[in-house]
Engineer: 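Below are the structure tokens for one structure; questions will follow.
Computed from a predicted structure; not experimentally measured. As the structure lists them, so they are numbered: ligands from 1, and atoms in each ligand from 1.
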Amino acid sequence: MKKDILSLSFEELQSQITAVGEEKFRAKQIFDWLHVKKITDFSEMSNISEQLRQFLTNYFCIKPLIIRKKLVSEYDYTVKYLYEMEDGETIETVLMRYRHANSLCVSTQAGCKMNCAFCASGANGFIRDLTPSEMLLQLYETERDSGKSASGDVSVGNLVLMGIGEPLDNFDNVIRFLELLSDKNGRNMSLRHVSLSTCGLADKIDALAELRLGLTLSVSLHAADNETRNKIMPVNFTFNIETLMSACRNYYEKTGRRISFEYALIKDLNDDEKAAEKLAALVKPLSAHVNLIPVNNVCKNGIYSPAKSPETSRIKAFHTWLTRNGVNATVRRTLGTDISAACGQLRSDN
Ligand code: SAH
């Protein structure tokens, strides 16, 4: 089987090239074609000899990522892609346009095992992990496609691992993806511009802390007591709030990076003043930021989830309760609601 060249680190590519008698600097050229010029065929590598191009064609492949569906929001130009991978499986990628920079929401798995009650991602179960190249290609294809539009080239400045899947459940591939993304010979994106969101796999948060990558860690908390969290996030039976918060403390101490906590507000479940106080007590010692998300009512297997967002006045009140308790919080702007931009919605609708 041919090797997936986009998943190879620079060092690995270099050793493959020098093993067949090529000069080291050729690896740099090839890496540049793949990760900076984002070509899709070895024949486009015009400064590489015919012989080396033939070698690459014989032993390596550049995986395709095909646009199966593309939706552009009429409100805010958010673009949602449903991409098809080599084996026919689909994933979603969302391009969000902000005034200062464009942000890309990338998927890390096809499907999800975590089964959070309000999320559409796991509706059809878990299929498989994505390879590092399949994560990179979401960025490269989206930039390539948007570059064809009349509004000109769209370059992505921020990247969030908040699409379909649980990034820390695909740990090694995600770490390799981050290494490739930030490689100075390649895309060279600073990990300061990357956020990784997890439902709270505490053991993997510990492993991530050891790597001190400089990215922003987002933790999907959504409830500040175990009883409530158990109802909506099955992961809480494995890693309860105490275990999770202890991993978060360790992460903060080791990396010096403030954690951002995601809190999806669900009417009559986690949206009263008591919940706000409990939440504040958990996150304040970590000087953490809270991102409030009005829950998006998704349809799973034809059934609408019972999770509904509270009214705007309640969301504002919850924000005030947090602020009053000394917590730095924001309410997430909802983008692309007309194009099913919440996690897994497009994939599960198809
Ligand atoms: N598995 C990771 C990343 C994917 S989800 C995680 O759990 O963090 C990215 C964020 O969107 C998470 O905070 C998730 O809980 C939230 N989310 C998923 N479905 C949602 C919905 N219907 N409404 C609001 N937030 C949702």
Engineer: Pair up each side-chain donor or acceptor in residues 277-290 with any protein partner under 3.5 Å, not counting sequence neighbours, and list the distances.
Structural biologist:
{"from": "Lys278", "atom 1": "NZ", "to": "Asp225", "atom 2": "OD2", "distance (Å)": "3.3"}
{"from": "His289", "atom 1": "NE2", "to": "Thr330", "atom 2": "OG1", "distance (Å)": "3.1"}

Engineer: Given Ser197, Cys199, Gly163, which one has a non-hydrogen atom that is nearest to atom 4 (C) of ligand 1?
Structural biologist: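 Nearest option to atom 4 (C) of ligand 1, by heavy atoms: Gly163.
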Engineer: Could you tell me, atom by atom, which parts of ligand 1 come under 4.0 Å of a heavy atom of Gly165?
Structural biologist: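 Listed by number with element: 1 (N), 2 (C), 3 (C), 4 (C).
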Engineer: Using 30° and 60° as the class limits, which term best fits the ring planes of Tyr59 and Phe55: parallel, tilted or perpendicular?
Structural biologist: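 Plane angle between 30° and 60°, so tilted.
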Engineer: So is Phe118 polar-close to ligand 1, meaning N/O to N/O under 3.5 Å?
Structural biologist: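 Yes.
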Engineer: Enumerate the atoms of ligand 1 whose separation from the nearest heavy atom of Cys119 is less than 4.0 angstrom.
Structural biologist: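 Answer, ordered by atom number: 18 (C), 19 (N).
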Engineer: Could you tell me whether the side chains of Glu166 and Thr198 share a donor-acceptor contact shorter than 3.5 Å?
Structural biologist: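 Yes, Thr198 and Glu166 have a side-chain donor paired with an acceptor closer than 3.5 Å.
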Engineer: Using distance alone, with no hydrogens and no angle criterion, decide if Asn188 and Asp183 have a side-chain donor and acceptor under 3.5 Å apart.
Structural biologist: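 Distance-only check fails for Asn188 and Asp183.
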Engineer: Between the side chains of Asp129 and Gln109, is a donor N or O closer than 3.5 angstrom to an acceptor N or O?
Structural biologist: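 Looking only at side-chain atoms, Gln109 and Asp129 do form a donor-acceptor pair, the distance falling under 3.5 Å.
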Engineer: May I ask you to say whether Glu89 pairs ionically with Arg128, meaning some side-chain N is under 4.0 Å from a carboxylate O?
Structural biologist: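 Salt bridge flag = no for Arg128 with Glu89.
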Engineer: How does Ile164 reach ligand 1, by side chain, by backbone, by both or by neither, if only non-hydrogen atoms under 4.0 Å count?
Structural biologist: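 Near ligand 1, Ile164 shows nothing, with every heavy atom at 4.0 Å or more.
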Engineer: Which of the atoms of ligand 1 are close to Thr198, meaning less than 4.0 Å from one of its heavy atoms?
Structural biologist: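 Under 4.0 Å from Thr198, ligand 1 has these atoms: 6 (C), 7 (O), 8 (O).
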Engineer: Quick check: does Asn296 get an N/O under 3.5 Å from an N/O on ligand 1?
Structural biologist: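 Yes, since at least one N or O of Asn296 sits under 3.5 Å from an N or O of ligand 1.
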Engineer: Has ligand 1 got any nitrogen or oxygen that is less than 3.5 angstrom from a nitrogen or oxygen of Ser220?
Structural biologist: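 Indeed, backbone or side chain, Ser220 has an N or O that close.
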Engineer: Applying salt bridge (Lys or Arg N to Asp or Glu O under 4.0 Å) as the test, list every pair that has at least one member in residues 22-51; sequence neighbours left out.
Structural biologist: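 Found Asp32-Lys37, Lys38-Glu143, Glu50-Arg53.
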Engineer: Taking only heavy atoms of Glu262 into account, list the atoms of ligand 1 that are under 4.0 Å away from them.
Structural biologist: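 Close to Glu262: 13 (O).
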Engineer: With heavy-atom distances below 4.0 Å as the criterion, list the atoms of ligand 1 near Val295.
Structural biologist: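 So the answer, numbered in order with elements, is 23 (N), 24 (C).
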Engineer: In terms of the angle between their ring planes, are Phe118 and His222 parallel, tilted or perpendicular, with boundaries placed at 30° and 60°?
Structural biologist: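 The arrangement is perpendicular - the two ring planes meet at more than 60°.
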Engineer: Which of these, His222, Met233, Met162, has its nearest heavy atom closest to atom 9 (C) of ligand 1?
Structural biologist: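 The nearest heavy atom belongs to Met162.
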